[in-house]
Amino acid sequence: MADFSLSIRVWYRQNGRNLPWRNTNNPYFIWLSEVILQQTRVDQGLNYYTKFITNYPTVSDLANATEEQILNDWQGLGYYSRARNLHGTAQHIHQTLKGKFPDNFQDLIKLKGIGPYSAAAISSFAFDEKKAVVDGNVYRVLSRVFNIETPVDSTIGKKEFQDLANELISAEHPAEHNQAIMELGALICTPKAPVCEKCPLNHLCESVRLKNQSERPVKQKTTKTRNRYFHYLVYTWKDQLILKQRTENDIWKNMYEFPLIESSSEETPHELLGADQISRLYKHVLSHQKLFVRFYSFHHQPVDIKEDWKVLSRKDLNDVPVPRLIDRYLEEMI
DNA sequence: ATCCAGGTCG
DNA sequence: CGACCTGGAT
């Protein structure tokens, strides 16, 4: 199957996008880009990548920042554990590893926030190690070209696809091969309406022959979601308002929100009936939860300000990391 | 309004 | 193996 790698690499040289993280060998920059891109589209990730290499040009800069600063710059990207792990790993590299960035797959995968995909990506892109990446794009390309029905979200499937990817990767050009297969998945072998006419693999693709592209890849899990009912207390007076940090192992850990009453129904809790204003119902969907949210404004100071409440003025809002839901409400409120 | 994509961790 | 977030497509 030397044909596979050569075909996609030739195609990639002609058709690959020119993205900023492809013009560097700096492992720190590549690490940043891979973590940002882990669950994010390129279009959205671009601005964050620029922001991060500007604000934190070296791993030491990242290590010396506060988690709050990093979460704040990460705000809006979602999956905030990525930002917390990024910070923790930067500190680990800066302090324990004395600033020496791990330079091989085995050491990279030990780091918090770096799994098999990212370790393969960084080790191949920055150090030319022959490690095959397997991400969502690769699952799609391989399941179609080889007509594989094993569910990609099963333990057995993960191994099967990783093994196949390992067999296909070019020994001489592992980095280019990895870029090429992912780019093919992103631009040609797309989830819906793949552009098979332009695909360099169409002559050997089993899904093209069988016309079953829409049935690949196979996934088994259907995610269950639960409903939650949030009632936010929005105290505003003069230029001040109150936020509180989420510290539990729950959604949005270490991000800020208004003081919260959570209940088991959409019904307004009685202690909030005296609010000066009640917002519309916001529906906010997460991967495993659907939030039904109302904001209850009080145009005065709270009677007692709890220990863990943070009083701040509106101009300081930019420095506090908040989830998209809170950000959206603030935009509408102001 | 509903559906879907996407790596890592505990 | 279930949980984590958001935005884009339909």
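Chain letters run A, B, ... following the sequence lines, proteins first, then strands; residues in each count from 1.
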Closest to the 5' end of DNA chain B, once A/Arg140 and A/Gly113 are matched to their nearest nucleotides, is A/Arg140
Among C/dC5, B/dG6, B/dT8, which is the nearest nucleotide to the side chain of A/Gln39?
B/dG6
Check DNA chain C against residues 40-48 of chain A and give the residues with a non-hydrogen atom under 4.0 Å, in numerical order.
A/Arg41, A/Gln44
Less than 4.0 angstrom between a side-chain N/O of A/Arg328 and OP1 or OP2 of C/dG7, yes or no?
yes
Do the rings of A/Phe161 and A/Tyr139 sit parallel, tilted or perpendicular, given the 30° and 60° boundaries?
perpendicular
Closest to side chain of A/Tyr117, choosing from B/dA1, C/dT10, B/dG7
B/dG7
Counting only side-chain N and O atoms of A/Lys219, is one of them less than 4.0 Å from OP1 or OP2 of B/dA5?
yes
For a quick check of understanding: with a heavy-atom distance under 4.0 Å over all strands, which category does A/Lys253 fall into, base, sugar-phosphate or nothing?
nothing
How would you label the contact of A/Asp135 with the nucleic acid (heavy atoms, under 4.0 Å): base, sugar-phosphate, or nothing?
sugar-phosphate
Indicate, with yes or no, if the rings of A/Tyr282 and A/Phe292 have centres closer together than 6.0 Å.
no
Once you apply a heavy-atom cut-off of 4.0 Å, does A/Leu286 come out as touching a base, just sugar-phosphate, or nothing?
base
Are A/Lys130 and A/Glu172 ion-paired here, with the side-chain N under 4.0 Å from a carboxylate O?
no
May I have the step-by-step check of ring-ring contact (aromatic ring centres under 6.0 Å, His included) for A/Trp237 and A/Phe298, ending in yes or no?
CA-CA 8 Å; A/Trp237 71 100; A/Phe298 297 87; over 10 Å; no
Tell me whether the side-chain N/O atoms of A/Tyr80 come closer than 4.0 Å to OP1 or OP2 in C/dT6.
yes
Between A/Trp21 and A/Phe125, is a ring-ring contact (aromatic ring centres under 6.0 Å, His included) present by the stated rule, with each step listed?
CA-CA 10 Å; A/Trp21 47 84; A/Phe125 298 154; over 10 Å; no
Contact class for A/Ser118 vs. all strands (heavy atom < 4.0 Å): base, sugar-phosphate, or nothing?
sugar-phosphate
So A/Leu325, base contact, sugar-phosphate only, or nothing? Heavy-atom distance under 4.0 Å.
nothing
Please determine if a side-chain N or O atom of A/Thr155 lies less than 4.0 Å away from the OP1 or OP2 oxygen of C/dC1.
yes
For A/Trp74 together with A/Tyr48, are the ring centres under 6.0 Å from each other?
no
Name the closest nucleotide to the A/His288 side chain, picking from C/dC4, C/dG7, B/dA5.
C/dC4
Give a yes/no on whether any side-chain N or O of A/His284 is located under 4.0 angstrom from OP1 or OP2 of C/dT6.
yes
List the steps and the verdict of side chain to side chain contact (heavy atoms under 4.5 Å, CB included) for A/Val152 and A/Lys219.
CA-CA 6 Å; A/Val152 295; A/Lys219 294 179 188 179; 3.8 Å; yes
Please say which of A/Arg324, A/Gln38, A/Arg82 ends up in a side chain to side chain contact (heavy atoms under 4.5 Å, CB included) with A/Leu77.
A/Arg82
At under 4.0 Å, does any side-chain N or O of A/Gln289 touch on OP1 or OP2 of C/dC4?
yes
Proximal nucleotide (of B/dG10, C/dC4, B/dG6) relative to the A/Asn137 side chain:
B/dG6
Within the 4.0 Å heavy-atom criterion, would you say A/Asp250 contacts the bases, only the backbone, or no part of the nucleic acid?
sugar-phosphate
Distance test, side-chain N/O of A/Ser287 to OP1/OP2 of C/dT6, below 4.0 Å
no
Can you tell me if A/Trp252 touches the phosphate of C/dT6, counting only side-chain N or O atoms and a distance under 4.0 Å to OP1 or OP2?
yes
Measure from the side chain of A/Lys290, starting at C-beta and using heavy atoms only, and say which of B/dG6, C/dC4, B/dT2 lies closest.
B/dT2
